[in-house]
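Below is one structure; the comments refer to it alone.
A, B, ... follow the sequence lines: proteins, then strands. Residue 1 opens every chain.
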Amino acid sequence: VLAVDVHSSDAILVAAVFLATAVEMVEALTIVIAVGTTESWRRAIEGAAAALATLAVLVLAFGPALLKVPLDALRLVVGSVLLVFGLQWLRKAVLRSAGIRAKRDEDAKFAEAVVELSEAEAQGEGPRVAFIMAFKGVFLEGLEVVITVLTLGASAHRLGLAATTAAVAVVLVAVVGLVVARQLSGVPENAMKMGVGVMLVSFGSFWVGEALRVGWPGGDAALVGLVAFYAASCFVLLRALATGAQRRIAARQ
Amino acid sequence: VSALVRGLRAFGRFWVDFLVGETPELLFAVLAMLGLTALLSLVVGWGTLCVVLLPLLVVGALTASAARERS
């Protein structure tokens, strides 16, 4: 008999890692496509591949080591990091959705990269700068993914699942991104960011609570309740901020 | 040696940017939440209260930080 044991916490972990990876990779892909179309696809792919290999080495180097840390200590530290990180993501996403802060513009990022590459080309440094730009773009955005994979995966003792999910997300975003090429600005990046923020904050609260013997009702199932509570709270906060912003605009006119 | 120092500085800068960034209040709020939860749950024995209190504090920190940007 093939028994498939799927926990709600696994489903949330997969969703969180997948969305976080997808958001970061959309940002990285903007730079890779800019390098590819402006300078050289070979340099763009080499830079991106080198960055992905370096990130994979980081996961392989630190992942198993993290699994040896006592679970309570790991969950306290990781939970705290996820709370801070998740709150930062949520804050940014809520402010952007409420219209208080400008949304990230992939077209503007693309244009910036093209200008930088054209300047480098004029100075005869095109190929070198192209490789560095692709590497940096993927590595810096990917570093946040590595931290998400390591923290979520190690604390849940599901490092393999988290790493595989991230790898699948990287491949999917790369394939879709290359097909749609420069239409990455159509990706609902902010909504995805808010979803990831909700899940990171939920995991953070859950693990901090576990480490400090809070005693969540229903065990792992409490995570679902936390996700629902934080999602609802963000919706209320978003509405309140958006209404306030509209009132201030109306008062000025 | 200088390469090692540069590497360590860059590593430190990354973590400061990652955890503090433009919102130091969120880091301090999380530290305060941890302290309060540890006190109530481990010392006083009110773990059940923390089931409700911790999520409320998290939402409170988010609201206060977002309101700071608005003002």
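Between A:Ser233 and B:Thr63 the shortest side-chain heavy-atom distance does not fall below 4.5 Å. Residues B:Leu34 and A:Ser80 are in side-chain contact: their nearest non-hydrogen atoms beyond the backbone lie under 4.5 Å apart. Between A:Pro217 and B:Val51, the closest side-chain pair of non-hydrogen atoms falls below 4.5 Å. For the pair A:Ile147/B:Phe14, a side-chain contact is recorded, criterion being any heavy-atom separation below 4.5 Å from C-beta on.
Heavy atoms closer than 4.5 Å to chain B are found in both the backbone and the side chain of A:Val84. Of the two parts of A:Val201, only the side chain, counted from C-beta on, holds a non-hydrogen atom closer than 4.5 Å to a non-hydrogen atom of chain B. Heavy-atom distances place the side chain of A:Leu143, and not its backbone, under 4.5 Å from chain B. Heavy atoms of A:Leu226 lying under 4.5 Å from chain B belong exclusively to its side chain. For B:Thr37, the parts lying near chain A are the backbone and the side chain together; criterion is any non-hydrogen pair under 4.5 Å. B:Val30 touches chain A through its side chain: at least one heavy atom from C-beta onward sits under 4.5 Å away, while N, CA, C and O do not.
Here A:Leu90 contributes atom CG and B:Leu26 contributes atom CG; the two are 10.0 Å apart, rounded to the nearest 0.5 Å. Between the CG atom in A:Leu87 and the CE atom in B:Met33 there is a gap of 6.0 Å [rounded to 0.5 Å]. The distance from the CG atom of A:Leu212 to the CG atom of B:Leu39 is 11.0 Å, given to the nearest 0.5 Å.
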Just do the side-chain contact (heavy atoms from CB on, under 4.5 Å) check on B:Leu54 and A:Phe206 with the steps written out, would you? CA-CA 9 Å; B:Leu54 183 59; A:Phe206 183 76; over 6 Å; no

Before you tell me yes or no, could you show the steps for B:Phe18 and A:Gln88 under side-chain contact (heavy atoms from CB on, under 4.5 Å), namely the whole-Å CA-CA distance, both residues' side-chain angles and the distance that decides it to 0.1 Å? CA-CA 9 Å; B:Phe18 186 74; A:Gln88 288 173 350; 5.8 Å; no

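Looking only at heavy-atom pairs under 4.5 Å with chain A, the residue among B:Ser41, B:Gly21, B:Ala29 that has the most is B:Ser41.
Contact detail for B:Pro55 and A:Tyr230: the closest heavy-atom pair is CA-OH, 3.2 Å.
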